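Working notes for the structure below.
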Amino acid sequence: MLIVQKYGGTSVGSIEKLRLVAKRALATQRAGNDVAVVVSAMSGETNRLLALSSEFRDGVDDREVDVIVSTGEQVTAGLLSLAIRKTGGDAKSFLGHQVKILTDSAHAKARIQSIDAAPLKGCFEEGKIAVIAGFQGQDSTGSITTLGRGGSDTTGVAIAAALGADHCEIYTDVDGIYTADPRIVPNARKIARISYEEMLDLASLGARVLQLRAVEFGMNYNVPIHVRSTFSDTEGTWVTHIKEDMEQVVVSGIAAVRDEAKITVRRVPDSPGSAYRLFQSLSDAGIVVDMIIQSQSKDGLTDMSFTVSKLDHKRCIEVLTESCSDLTAAGKAVVSDTPVAKLSVVGVGMRSHSGVAGKMFGILAEAGINLQLISTSEIKISVVVREDVVDDAIRALHEGFGLHLPVEA
Ligand code: ADP
Ligand code: ASP
Ligand code: MG
């Protein structure tokens, strides 16, 4: 078989752990497989590099920041290759440009466009394990790019797709994908198999165990993803196309995105084009808006509320006051005073079951949690709550939906 293994930051966070990873990769190769290993930076390293960059950064230097933050993975790739040799095997490291991981030019959130797997195949022919630095690529001008936080997952699955690997193993500090973040819900249940579709929603709604684009690659290129622990041999969670033996549950998981801000723009003229002007100006400024709600209009005026990432919060107010002052009566964009979080329940079973929203709102009401915004789609329901109650809300929903209980496959 041809197997791609991706090891996250905590799995390569020390010399001891690198030794363990080297042994694991070598054991996989010795079992008769070709092995490509994708590595993250050692835990804490990307944050350290970002903090260093922020000393000089003025908001327009993303190209240079990528040059800096991509080095974390370079160090791990070299170290792991050495560790594999020391363990009695042979390995060769590759940086993004050495396997032509071509991306667009959106620094800090670049998307992979193509990969040249030939050098990796050459490496297998020489009997070596290929060790690839995750998270990094290069654009058409040769500039180094990075794929966004958690981006090594995407490198892993994209390399697996380019190689036509049998599957991609994502090694991390939990032994699979759970019904909620096990750090918040200690009795969360491990899911044996989950569809790409549900995992896409969980990943986009805050379950950081897999980066969203990694799941997209898996789905588009038909790469089964096995999320499992570096520190045990337990079978983890398989992310695949929908299969018959998948759990028949209505709600499969709960996820949350923290660090959001809610903004309310007061007294916007309730006339055609207002929402377009408002949100177009934010989109022109590169600000992603979520969960929009418009209140009932009174005297031809209406309030609009929406959420943005806390990082975009200041810029959002600036844009609203600069370019939409005529719309925002007296330039008054009002910001919520408390940070908010978006909490979501996800499950393909919702398509055929009604009443999930009602049950969710009932559980949250019982727990005394106020809902600020609500949005629903075919397989998910999201609500915005005060950030300081989000963990309680997750636990209440987990319990209320009985997600800790065993299910029949
Ligand atoms: P790595 O450094 O290996 O990429 P991450 O920190 O990115 O690891 O992802 C693993 C973490 O994801 C876990 O430690 C866990 O706290 C968190 N997580 C969030 N939601 C879930 C979930 N539904 N199932 C498992 N882990 C989750
Ligand atoms: N090192 C990068 C990060 O911390 C990429 C990754 O670990 O997946 O986000
Ligand atoms: Mg990660």
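Note that the coordinates shown come from a computational prediction; the quantities given were computed from them, not determined experimentally. Quick note: residue numbers are just sequence positions, from 1.
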Name all residues meeting the side chain to side chain contact (heavy atoms under 4.5 Å, CB included) criterion together with Ala158; count only those two or more places apart in sequence or in a different chain, and write none if there are none.
Ile112, Ile115, Phe217
Output yes when a side-chain donor or acceptor of Thr321 lies under 3.5 Å from a complementary backbone atom of Ile317, and no otherwise.
yes
Just one of Leu200, Thr154, Val157, Thr155 clears the side-chain contact (heavy atoms from CB on, under 4.5 Å) bar with Arg213, so which one?
Thr154
Tabulate below the donor-acceptor pairs under 3.5 Å that side-chain atoms of residues 95-103 make, not counting sequence neighbours, or state none.
{"from": "Gln98", "atom 1": "OE1", "to": "Leu95", "atom 2": "N", "distance (Å)": "2.7"}
{"from": "Thr103", "atom 1": "OG1", "to": "Thr145", "atom 2": "OG1", "distance (Å)": "2.8"}

Val249 side chain near Thr179 side chain, heavy-atom distance below 4.5 Å:
no
Counting heavy atoms not belonging to Lys23, are there more than 12 under 6.0 Å from its NZ?
no
Would a distance-only check, ignoring hydrogens and angles, find a side-chain to backbone donor-acceptor pair under 3.5 Å from Thr307 to Asp290?
yes
Report yes if some heavy atom in the side chain of Lys6 is under 4.5 Å from a heavy atom in the side chain of Tyr171; otherwise report no.
no
Does atom NZ (Lys314) have a neighbourhood of more than 12 heavy atoms from anything else shown, all under 6.0 Å?
no
Take Ile184 and His398 through the test side chain to side chain contact (heavy atoms under 4.5 Å, CB included) and record every step on the way to the result.
CA-CA 10 Å; Ile184 298 168; His398 199 273; over 6 Å; no
All heavy atoms of Ser152 vs all of Glu73, minimum pair found to be OG-OE2, 3.6 Å
Salt bridge (Lys or Arg N to Asp or Glu O under 4.0 Å) involving Asp104 - partner list, sequence neighbours excluded:
none
Identify the heavy atoms of Cys316 and Leu282 that sit nearest to each other, and give their distance.
SG-CD2, 3.7 Å
May I ask you to decide whether Asp303 forms a salt bridge with Lys298, counting only side-chain N to carboxylate O separations under 4.0 Å?
no
Who passes side chain to side chain contact (heavy atoms under 4.5 Å, CB included) against Ser377, sequence neighbours left out?
Lys380
Roughly how far apart are Asp175 CG and Glu235 CD, rounded to 0.5 Å?
10.5 Å
Does the side chain of Ile3 come within less than 4.5 Å of His167's, by heavy atoms?
yes
Are Met1 and Thr28 packed together at the side-chain level, in the sense that at least one heavy-atom pair is separated by less than 4.5 angstrom?
no
Any side-chain heavy atom of Val251 within less than 4.5 Å of one from Met360?
no
Can any side-chain N or O of Asp116 pair as donor or acceptor with the backbone N or O of Ala118 at less than 3.5 Å?
yes
CD1 of Ile194 to CD1 of Ile225, rounded to nearest 0.5 Å, is 11.0 Å
Could you tell me if the side chain of Val345 sits less than 4.5 Å from the side chain of Met350, heavy atoms only?
yes
Check side-chain hydrogen bond (donor to acceptor under 3.5 Å, both in side chains) between Glu198 and all other residues, then give those that pass, not counting sequence neighbours.
Ser195, Ser252
Salt-bridged, Arg351 to Glu378, with N to O below 4.0 Å?
yes
Using the ring-ring contact (aromatic ring centres under 6.0 Å, His included) rule, collect all pairs that involve residues 12-51, keeping only residues at least two apart or in two chains.
none
Shortest non-hydrogen pair, Arg24 vs Tyr7, comes out as CD-OH, 3.4 Å
Sorted by chain and number, sequence neighbours left out, side-chain hydrogen bond (donor to acceptor under 3.5 Å, both in side chains) with Ser305 holds for Thr264
With the threshold set at 4.0 Å, does a side-chain nitrogen-carboxylate oxygen contact exist between Arg395 and Asp392?
yes
Starting from the C-alpha separation in whole Å, work towards a yes-or-no answer on side chain to side chain contact (heavy atoms under 4.5 Å, CB included) for Asp391 and Arg258.
CA-CA 10 Å; Asp391 287 357; Arg258 289 164 180 76; 2.5 Å; yes
Mind checking whether Ile170 and Val239 have side chains closer than 4.5 Å, heavy atoms only?
no
Those residues that, when tested against Glu55, pass salt bridge (Lys or Arg N to Asp or Glu O under 4.0 Å) (two or more places apart)
none
Grab the two heavy atoms, one from Leu210 and one from Ala203, that are nearest each other, plus how far apart they are.
O-CB, 3.5 Å
Is the ring pair Trp238/His226 parallel, tilted or perpendicular, if the boundaries are 30 and 60 degrees?
parallel
Inspect the contact between Glu216 and Arg111 and indicate whether a charged nitrogen and a carboxylate oxygen are less than 4.0 angstrom apart.
yes
With sequence neighbours excluded, what pairs up with Arg30 under the side chain to side chain contact (heavy atoms under 4.5 Å, CB included) test?
Leu26
Heavy-atom closest pair, residues Gly9 and Ser40
N-CB, 3.5 Å
Separation of Asp270 CG from Ser295 OG (nearest 0.5 Å)
8.5 Å
Can you tell me how far apart CG (Leu202) and CG (Leu205) are? Round to the nearest 0.5 Å.
7.0 Å
Approximate separation, where rounding is to 0.5 Å, of Thr146 OG1 and Phe135 CZ
4.0 Å
Measure the OG-CD1 distance between Ser283 and Ile287 for me, rounded to the nearest 0.5 Å.
9.5 Å
Has Lys342 got a side-chain atom pairing as donor or acceptor with Gly206's backbone, closer than 3.5 angstrom?
no
How far apart are the C-alpha atoms of His353 and Lys359, what are their side-chain angles, what is the distance that settles it, and do they pass the side chain to side chain contact (heavy atoms under 4.5 Å, CB included) test?
CA-CA 12 Å; His353 283 75; Lys359 184 165 178 184; over 6 Å; no
Kindly say whether Pro269 contributes a backbone atom to a donor-acceptor pair with the side chain of Ser274 at under 3.5 angstrom?
yes
Basic-acidic side-chain contact under 4.0 Å: Arg183, Asp173:
yes
Using the side-chain hydrogen bond (donor to acceptor under 3.5 Å, both in side chains) criterion, which residues pair with Thr76? Sequence neighbours excluded.
none
Could you tell me which non-hydrogen atom of Ala41 sits nearest to which non-hydrogen atom of Thr46, and how far apart they are?
CB-OG1, 3.5 Å
For Tyr196 and His241, take the angle between the two ring planes, folded into 0 to 90°, and tell me which bin it lands in: parallel under 30, tilted 30 to 60, perpendicular over 60.
perpendicular
Checking the side chain of Asp153 only, and the main-chain atoms of Gln211 only, is there a donor and an acceptor separated by less than 3.5 Å?
yes
side-chain hydrogen bond (donor to acceptor under 3.5 Å, both in side chains) filter on Thr302, not counting sequence neighbours, yields none
Quick check on side-chain contact (heavy atoms from CB on, under 4.5 Å): which of Ile144, Asp66, Val65 does His107 satisfy it with?
Asp66
Which residues pass the side chain to side chain contact (heavy atoms under 4.5 Å, CB included) test with Ala22, sequence neighbours left out?
Leu80, Ala83, Ile84, Thr87
Are any of the side-chain heavy atoms of His404 and Val185 separated by less than 4.5 Å?
no
